[in-house]
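Written out below as structure tokens is the structure these notes cover.
To find a chain, count down the sequence lines: A is the first, B the second, and so on, and within it residues start at 1.
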Amino acid sequence: MKANEIRKAFFDFFEKEGHKIVPSAPIVNKNDPSLMFTNAGMNQFKDFFLGNKVPEVRRIADTQKCLRVSGKHNDLEEVGIDSYHHTMFEMLGNWSFGDYFKKEAISWAWALLTDVYGLPEDRLYVSVFEGDESDGLAPDEEAAALWRQFVPEDRILYFDKKDNFWEMGDTGPCGPCSEIHIDLRPDIERSKVSGRELVNMDNPLVVEIWNLVFIQFNRKADSSLEELPEKHIDTGMGFERLCMAVQGTTSNYDTDLFTPFIKALEEETGFQYEGSYSLDAKKDIAFRVIVDHIRAVSFAVADGQLPSNTGAGYVIRRILRRAVRYYYSFLDCREPLLFKLLPLLSEQFGPVFPELTSQNEFITKIILEEEKGFLRTLEGGLKRLNQLNINDGDTLSGKIAFELYDTFGFPIDLTRLIGQEEGWQVDNQGFEEALAEQKERSRSDARKESGDWIDVYDSEKVEFIGYDHLKADGIRIVKYRTVKVKDKNIFHLVLDKTPFYAESGGQVGDRGILQIADQKIKVLDTQKENDLIVHHVDKLPTQMDAQISASIDISRRQLTENNHTATHLMHAALRKVLGEHVQQRGSLVNQKQLRFDFSHFEKMTDEQIEQVEDIVNTKIRENITRGEHRNVPIKEAQESGAMMLFGEKYGEYVRMITFDPSFSIELCGGCHVRATGSLGYFKIKSESAIAAGVRRIEAVTAVEAYKYTDGLIQELAEVKGLFKNPVNVSKQVRDLLEANKALEKELSSVRSEKASGMKDSLMSQVITLNGIKVLTAKIEGLDMEGLKTLGYSLEKSLDKSVILLGLDTGEKANLMLLISKELTSEILDASKIIRKIARHIQGGGGGQSFFATAGGKNPKGIEHAINELREIIKG
RNA sequence: GGGGGAUUAGCUCAGCUGGCUAGAGCGCUAGAUUUGCAUUCUAGAGGUCAUCGGUUCGACUCCGAUAUUCUCCA
């Protein structure tokens, strides 16, 4: 079976059992601040388990794209070494939300694996929870009994809490789980050691393929367990491992998920993949690293996460760079390579994940640019390393190695590798110390401690009423917690209903006031955590259970709405002017301005910018009324031509915002004006590039647009005023610039004429002392630059000579001493002499042995300085 | 969010512990060589050393702030 068939068989099987097949959630997580990437199939259903939301259907199955770069065995640096760990992987799963339970989950799992996929039964082992005394839990005999229908006793194993009890977090839904493991070792080895001995022992060929979680408890804050009224099923099956088992290979990398990529790499690099897992088989590791990482990077970019230097974007950058590092070091490749694999990826995943295919060009461009950038960084690092001139047998200090890594991004393993080749070492301990130090520094700064949620009022739901109300009464606090940020306490409140909009979709969170009895509490910000609306306040109400009236900062909200609506209008206008390839890549909307990032491959021309402004301003003048439809089924919205964004997770029902159905329809949870007229005026402030293929526009509306254009007009008026209000200002400025340049030229020729005039009269003042030509003079009306030029030109004409020029500017005095190089000696050292004679002008100085300058505040001393110089020359 | 670096000619960069009249290569312009192109040679133009402020007799160089950018960490 091909991988695509295996995946399809899974869907078909569960669809037949009444499951709804849903699309994968984006791999990039946008709603949960504690999680950057989706790392398990259940992430998108978390709210169902928590009871924050009720699912539309009770049986669901899907494949979820996941990304893991940290954890017990999934450190990024480990991927590629073995045969079965990945950064990006697919997780097949089936779910029951208060519907079927252990019986069905177990029998279906068994049927799918053995009947549909035809896995040999005698190689399958199952594990069940053995119970836990401290939690007062008995062994999961229910599951064990169910398994006995299919599996003989000797292949049913019991494991403890660590392996077979699943918890979502410190509190919340949890329950025992049951895993299916498969033993893929050759018969010879199986006959020597039973697979039974190797389950959960990290053997690469005896691996878990499916985890069935039976969610039946709720872990309370005091760590006690409570039976749930509704029981759930949550399963997860690693797709890559499943393919390995079904296709009978001994490594995930030998399945057809990876072999086409390895083959392509062989052709590109000219090296053969030998499939060795020895730590010395660097080339093979490199192959695996590349074919693994290209998936992670591409999926993340497709869902909108561009490589960057902070947060989730930095994780993606690190993954990509690790792949580059490997082909650079071990496959002798100095040119971008990863981007060439994209057509293949699109071909393979297109049917399941259309976002890869439809954005192929964009992803390719991003990856190519990122590769180029890092190859440049590597080159810079190599150059720097060369400059250090490390000798054979030396040890490169940890400090320098760390500097190379930290400041210039030169990977430490590459430093070590080069050292190995050139016969020097790196002080690893020193490096690790420096790294630990930096981590500590960063961590101590970012320290943010959030306390536990404290429940106040039991509410069925948490409702946002801010589309229709800007203030509301009779609100109750559901829960609160204390958060410590940089030694300051702030507080988070969750209300049962609220007019406050939580930051989302680029629109900033509302601010405003909560009134509780006589107490007024400021809301500093409103943020979203999954589906909770969290109000950030600077103090807690004294009466937690009192009723609250909440009112938001209305003018701030209205200005923000202007900019949000402008974003929609501009998005539509951009697609009209530039083309349908324009896709939103990021957006920020606040009360002052809007910032919109979108995919487009070249700089916009001034005309295009003007056109976009024109279209938007026309739509503003048409004063189009907002069309707002809540709870539109997603299918219907799609059919009406609403713009959908990649990397955005849409629910079953969506909110649709329309300004002229033939112009702008977007799915959006944000706040918008009633009619476009309130935007007043729209003006683009800047258009720039922020990444390969991504442009950014900053624009303003209403008051800010007026202020901005007014500022420009004032500035122009000021310039015009300076020119006595001419008809054509730019011509005036151009002329002035030209005239200025001509004058500058003239001035410099006049100066040099003047200097040469001085030169002639000075040449006649040369005297000979002790056999040396000496010229000393006091000069006025030159600057230091002129003095230097004069001095050098005198020296050139006089040849071997000593020249001392004193410059009197009235308030200050400067000395310049030139001694022809042939004459310099221990005594005739310009620097030493000038230091001595500068005392006369009450100053100091210095320079080289043949040229020195000094400055001071006593012009009358110049004569004395000249006299002293003569004495020195006389000896 | 925190740390470290970078910013010098159109481009890529050099400029050590403050003092060489701020340099190199490529590119550009002109001339010579050549039937023409390529090549080679010669000459030349091109810089508020990111911006602002400070220390100093003197700042591309040291210090501070700002901007842009790279990089590491969270």
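- Nucleic acid contact class of R839(A) (heavy atoms, under 4.0 Å, all strands): none.
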Interface polar pairs with nucleotides 53-63 of chain B, N/O, under 3.5 angstrom:
from	atom 1	to	atom 2	distance (Å)
C57(B)	O4'	G855(A)	O	3.0
C57(B)	N1	G844(A)	O	2.9
C57(B)	O2	G844(A)	O	3.3

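- Looking at heavy-atom distances under 4.0 Å, G311(A) makes contact with a base.
- Looking at residues two or more places apart in sequence or on another chain, you find no side chain to side chain donor-acceptor pair (under 3.5 Å) involving R321(A).
- Considering L762(A), L804(A), V766(A), N867(A) as possible partners of T776(A), the one that fulfils the side chain to side chain contact (heavy atoms under 4.5 Å, CB included) test is L804(A).
- Taking a cutoff of 4.0 Å between a charged side-chain nitrogen and a carboxylate oxygen, K683(A) and E704(A) do not qualify as a salt bridge.
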Give every pair of a protein N or O atom and an N or O atom of nucleotides 4-12 of chain B that lie under 3.5 Å apart, one pair per line with the distance.
from	atom 1	to	atom 2	distance (Å)
G4(B)	O2'	T407(A)	OG1	2.7
G4(B)	N2	T407(A)	O	3.0

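- At a threshold of 4.0 angstrom between heavy atoms, the contacts of Q438(A) include nucleobase atoms, whether or not backbone atoms are also involved.
- R322(A) places a side-chain N or O within donor-acceptor distance of the main-chain N or O of E77(A), the cut-off being under 3.5 Å.
- Secondary-structure annotation of RNA chain B gives the stems B:1-7 with B:67-73, B:10-13 with B:23-26, B:28-32 with B:40-44, B:50-54 with B:62-66, with a stem taken as at least 3 successive Watson-Crick or G-U pairs whose two distances both fall under 3.5 Å.
- Classification of K522(A) and D538(A) as a salt-bridged pair fails, no side-chain N sitting under 4.0 Å from a carboxylate O.
- Partners of F339(A) under the ring pair (Phe, Tyr, Trp, His ring centres under 6.0 Å) rule, at least two apart in sequence or in another chain, do not exist in this structure.
- Legend: residues meeting side-chain contact (heavy atoms from CB on, under 4.5 Å) with I400(A), ordered by chain and number and at least two apart, are L388(A), L396(A), S397(A).
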